[in-house]
Amino acid sequence: MMRLRKNVRDVDDEDGGGVTGSPDPADPDWKCGSFSPMRLMGVVVASLMLSSVLFSVSVVLRDFPTDGLLADGASLMSVEPRKSTSLNPEEVEEEEGKKKDVLLGGLLAGGFDDSSCASRYQSALLRKVSNHKPSDYLISRLRRYESLHKRCGPRSEAFRSVLEVLRSGRAEEVSECKYVVWISFSGLGNRILTLASAFLYALLTNRVLLVDPGADVPDLFCEPFPGASWFLPSDFPLKDRFHAFDLNHPQSYGNMEKTEAVPPFVYLHLVHNYGDRDKLFFCDEDQAFLKNVPWLILKTDNYFVPSLFLMQSFEEELDRLFPEKETVFHFLGRYLFHPTNSVWGLIRRYYYAYLARADERIGIQVRVFDEGAGPFKHVLDQIMSCVLKENLLPGIHEEGSLSTQSSPAKSKAVLVTSLSSGYFEQLRDIYWENPAVTGEVVSVVQPSHEEFQQTEKQMHNRKAWAEMYLLSLTEVLVTSSWSTFGYVAQGLGGLKPWILYKPENRTTPDPPCERAMSMEPCFHAPPFYDCKAKRGIDTGLLVPHVRHCEDMSWGLKLVHGEDRAASQ
């Protein structure tokens with residue numbers, strides 16, 4: 001603004017108007033207390049010109065959408081209502097007078113550079129306000145963790161000190177800084193869920209979470225903690241050995257010999273194929289041993305949070321952090337996972353182009369485990385049976401009939417995500433070729449169809465992350481059994497989805513779907529072991545807030561603690 005004003009003044013001075021400075025007594029046209037008629041006319045004309053220019057500049061600057069250009073260089077569509085784009089204040093006022101809490105009730109810390117991660121505070125402008133509020137204790141613990149991470153994070157003096165433990169091989173008494181290192185492993189949905197699990201474990205044990213960047217983590221997620229990176233330095237001594245950490249590794253907790261001497265590091269193998277001794281990680285007695293180990297190296301493809309809720313040593317802390325047990329991933333996901341500007345551009349452009357104007361947004365996430373080329377008729381029949389039976393989408397009139405309504409009663413946008421385009425195309429044709437019995441207009445869209453999973457490709461993972469996020473922006477969600485892709489969307493969105501049962505023998509299940517008990521993900525490979533009794537036990541029957549999953553009978557998930565009592 002200052003630069004534009006200076007340019008206006010420079011032009012006026014060159015034209016001889018002199019309107020921005022004092023009159024010159026040496027000027028022959030200047031007389032004490034008066035101007036000559038010609039001089040006066042020049043001043044009036046110049047003043048009018050200057051007023052016109054300044055008015056135009058103020059209008060342009062007032063209306064210019066400062067968030068309209070993202071780091072990927074693409075301009076956003078103009079269908080978005082203009083709103084304040086100051087991202088750092090606690091509240092952003094929208095055009096219609098409503099206010100959005102961009103810090104999510106204190107969940108997020110203020111003070112970040114908004115240009116480096118636009119999604120951190122802009123996400124509140126796309127979402128409906130959550131029905132769930134973080135506890136004051138969770139907020140205070142997050143601020144304490146951020147302070148710990150800043151003191152002990154990479155490149156800090158404390159970090160370099162504890163790093164020497166690995167180099168020397170001697171785990172002597174160390175400072176308050178202890179670490180859990182997350183190894184980037186498995187597909188994107190799994191990685192998001194396991195990162196949230198690792199962070200909760202770090203929070204419970206006062207450790208610092210450090211993240212193996214892998215091939216693409218920095219390209220997908222912004223840094224979540226202020227003042228220090230969460231990424232493991234490239235020269236970390238064990239980094240070149242990560243690929244060798246597996247079930248049989250001698251330094252894994254399941255294989256190592258327990259001695260009085262504290263090892264410098266322990267490898268935690270919590271992958272789905274882990275053995276019985278690896279599962280002792282979930283016993284309080286074993287946690288007492290692990291708490292003294294400076295470095296814990298973690299590899300997992302499981303959302304292991306439900307089993308943490310079965311441990312007596314963590315019980316009181318978890319109760320204070322999450323009075324509503326089913327909000328764990330909802331809050332940790334919103335706290336940790338902010339799309340980078342490149343991914344945020346994909347999300348915003350698609351949302352405002354295809355979803356924003358609809359009266360209701362419905363997400364349908366399709367994951368098919370059958371081999372062979374789809375789309376499969378039994379899967380489409382299952383989707384239609386679910387959405388019609390549960391009144392998520394309207395029925396249709398017979399082909400050739402015409403609605404008598406002059407204008408649609410309501411619009412619904414259906415967002416389909418699938419590796420195949422076939423289900424989207426058939427749903428689209430159903431509601432294009434036939435009118436809805438309710439008079440509603442149903443539009444069906446699909447952002448991408450990659451045909452098969454390509455986790456090694458950068459743009460594939462960007463699109464996958466964008467589509468999970470877009471699904472989380474819907475009001476109604478239908479997901480597929482066993483799919484971590486769907487788990488991420490439901491948790492971020494705070495949604496209890498309708499889960500499509502896994503078909504058997506290529507037959508449409510009856511009933512086709514079931515409403516989820518909670519928005520929490522499912523732990524697919526939990527231990528079934530009573531640490532005190534030293535025997536097997538059904539861990540889905542121990543406490544009211546940990547139950548077996550709807551889509552996987554042996555899995556565990558968190559529910560609201562009163563749900564079990566209500567169902568009995």
Side-chain angles (χ1 to χ4, degrees), residues 154 166 179-202 207-221 223-224 229-234 236-256 265-275 277-279 281-282 290 293 295-308 329 332-333 336-337 340 343 367 452-458 460-462 464-465 468 482-488 491 521-527 552 555:
L166 284 178
Y179 301 86
V180 54
V181 176
W182 174 89
I183 296 178
S184 183
F185 172 69
S186 196
L188 182 57
N190 295 63
R191 284 187 286 162
I192 291 173
L193 297 181
T194 60
L195 248 178
S197 304
F199 177 69
L200 179 58
Y201 179 70
R207 290 179 177 271
V208 172
L209 172 67
L210 295 180
V211 173
D212 167 25
D216 60 0
V217 177
D219 183 60
L220 301 174
F221 307 110
E223 295 270 10
S229 176
W230 70 340
F231 289 118
L232 195 67
S234 58
F236 184 68
L238 300 178
K239 188 172 174 60
D240 60 353
R241 294 156 60 182
F242 283 174
H243 68 281
F245 286 131
D246 59 17
L247 177 65
N248 300 313
H249 195 281
Q251 204 67 22
S252 73
Y253 188 63
N255 293 327
M256 67 181 294
F265 80 93
V266 168
Y267 165 56
L268 302 173
H269 185 80
L270 301 184
V271 183
H272 65 275
N273 67 344
Y274 59 162
R277 293 188 65 185
D278 295 299
K279 296 174 185 178
F281 169 84
F282 296 104
L290 290 170
V293 180
W295 294 93
L296 298 179
I297 314 300
L298 172 67
K299 178 187 278 188
T300 181
D301 55 0
N302 277 300
Y303 180 73
F304 58 79
V305 167
S307 285
L308 298 179
F329 183 74
L332 296 187
L336 291 172
F337 304 115
T340 56
V343 178
R367 173 69 190 275
F452 57 92
Q453 195 164 327
Q454 305 169 59
T455 54
E456 74 284 354
K457 290 189 177 180
Q458 183 184 60
H460 177 87
N461 283 332
R462 283 186 184 180
W465 177 213
M468 290 181 209
W482 300 15
S483 176
T484 56
F485 195 107
Y487 295 160
V488 171
C522 179
F523 182 5
H524 284 174
M552 186 172 281

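Positions are given from 1 along the sequence.
For Phe185, the ring pair (Phe, Tyr, Trp, His ring centres under 6.0 Å) criterion is met by no residue, not counting sequence neighbours. Partners of Asp240 according to the side chain to side chain donor-acceptor pair (under 3.5 Å) rule, which considers only residues two or more places apart in sequence or in another chain, do not exist here. Under the side chain to side chain contact (heavy atoms under 4.5 Å, CB included) criterion, Pro218 pairs with Pro213, Phe231, sequence neighbours left out.
In this structure, Leu238 and Tyr267 have side chains that are not in contact, with every pair of non-hydrogen atoms separated by 4.5 Å or more. Under the 4.5 Å side-chain criterion, counting only non-hydrogen atoms from C-beta, Phe199 is not in contact with Trp230. Residues Val217 and Trp182 meet the side-chain proximity criterion, which asks for heavy atoms closer than 4.5 Å. Contact of the Leu220 side chain with the Leu188 side chain is registered, since non-hydrogen atoms from C-beta on lie closer than 4.5 Å. The side-chain heavy atoms of Arg191 and Asp216, taken from C-beta on, include a pair separated by under 4.5 Å. The shortest distance between side-chain heavy atoms of Ile297 and Phe242 falls below 4.5 Å. Taking 4.5 Å as the limit, some side-chain heavy atom of Ile192 sits within range of a side-chain heavy atom of Met468. Contact of the Leu195 side chain with the Phe337 side chain is registered, since non-hydrogen atoms from C-beta on lie closer than 4.5 Å.
Taking both residues in full, the closest heavy atoms of Val488 and Gly189 are given as CG2-O, 3.9 Å, listed atom of the first, atom of the second, then distance. Between Phe304 and Ala198, the closest heavy-atom pair is CZ-N, 4.1 Å. Smallest separation of non-hydrogen atoms from Asp246 and His269: C-ND1, 3.6 Å. For the residue pair Val180 and Ala202, the shortest heavy atom distance occurs at CG1-CB, 3.7 Å. Contact detail for Ser307 and Pro526: the closest heavy-atom pair is OG-CB, 4.3 Å.
At least one donor-acceptor pair closer than 3.5 Å links the side chain of Asn255 to the backbone N or O of Leu247. Between the Asp212 side chain and the Ser184 main chain, a donor and an acceptor come within less than 3.5 Å of each other. Although no hydrogens or angles enter the test, the distance criterion places no donor-acceptor pair under 3.5 Å between the side chain of Ser252 and the main chain of Asn248.
Using a 30° and 60° split on the angle between ring planes, His524 and Tyr487 fall in the perpendicular class, above 60°.
Taking CG of Leu268 as the reference point, atom OH of Tyr274 lies at 12.0 Å (rounded to 0.5 Å). To the nearest 0.5 Å, atom CG of residue Leu336 and atom CZ of residue Phe329 are 8.5 Å apart. We find the OG1-CG distance between Thr194 and Asn302 to be 9.0 Å, quoted to the nearest 0.5 Å. Of the inter-residue distances, the one linking Leu232 atom CG with Lys239 atom NZ reads 6.0 Å to the nearest 0.5 angstrom. Rounding to the nearest 0.5 Å gives a distance of 10.5 Å between CH2 of Trp482 and CZ of Arg367. With rounding to the nearest 0.5 Å, the separation of CZ in Phe281 from CG in Leu298 is 7.0 Å.
Using a 3.5 Å distance cut-off with no hydrogens or angles, the side chains of Asp301 and His272 do pair a donor with an acceptor.
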Inset, instruction - Take Tyr179 and Phe236 through the ring pair (Phe, Tyr, Trp, His ring centres under 6.0 Å) test and state the conclusion after the steps. - result: CA-CA 13 Å; Tyr179 301 86; Phe236 184 68; 8.6 Å; no

Inset, instruction - Go through Leu296 and Tyr201 one step at a time and tell me if the side-chain contact (heavy atoms from CB on, under 4.5 Å) criterion holds. - result: CA-CA 11 Å; Leu296 298 179; Tyr201 179 70; 3.7 Å; yes

Legend entry - Audit row: Leu308, Phe523, side-chain contact (heavy atoms from CB on, under 4.5 Å) steps and yes/no: CA-CA 11 Å; Leu308 298 179; Phe523 182 5; over 6 Å; no

